[in-house]
Amino acid sequence: MHEVSIVLSMLDLAEASAREEDASRIDVIHLEIGALAGVVPEALEFAFQGAKVGTMAEHARLDVDYLPAIATCGTCRINFELDNRWGVALCPACGTPSAQLIQGKELQLARLEVA
Ligand SMILES: [Zn+2]
């Protein structure tokens with residue numbers, strides 16, 4: 001499952017930066033995940049519950065910001081939100097396909113709350 005490897009690498013990163021701050025535990029892990037990152041929220045939460053055991057984040061919770069997919073049209077220069085999960089961007093103003101994606105594939109650790 002894709003979400004398990006995401007959670008494991010996020011936990012690694014979170015623990016490394018918590019240690020840098022001399023923290024003894026992680027309370028909240030804030031993630032930013034784009035609508036097109038291919039992450040299933042329930043699967044992510046489930047993977048986190050399992051993977052956090054025995055880490056500094058054992059009692060932490062996940063706080064995920066799901067970012068909508070936004071594309072920009074090269075012809076009329078407007079930004080618009082994609083209404084599908086496949087990344088097919090059709091400009092609502094001029095109908096040009098293959099507009100450029102500017103947000104939606106994020107998969108990152110935004111910030112940590114440690115103690
Ligand atoms: Zn357009």
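Indexing begins at 1, ligand by ligand and atom by atom, following the structure's order.
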Members other than L67 in its cluster, when Ile, Leu, Val, Met, Phe, Trp, Tyr link by side-chain heavy atoms under 4.5 Å?
-> none
Residue pairs involving residues 7-18 (criterion side chain to side chain donor-acceptor pair (under 3.5 Å); sequence neighbours excluded) =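 Matches after skipping sequence neighbours: none remain.
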Please list all pairs passing the side chain to side chain donor-acceptor pair (under 3.5 Å) test where one or both residues lie in residues 50-62, with sequence neighbours left out.
-> Q49-K52
Heteroatom count (protein N, O or S) under 2.8 Å of the Zn ion (ligand 1) =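 Of the protein's nitrogen, oxygen and sulfur atoms, 4 lie under 2.8 Å from the Zn ion (ligand 1).
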Residue pair V7 / L44, side-chain heavy-atom distance below 4.5 Å | yes
Using a 4.5 Å cut-off on heavy atoms from C-beta on, say whether the side chain of I33 contacts that of I6.
-> no
Salt-bridge contact E21-R19 (side-chain N to carboxylate O under 4.0 Å) = no
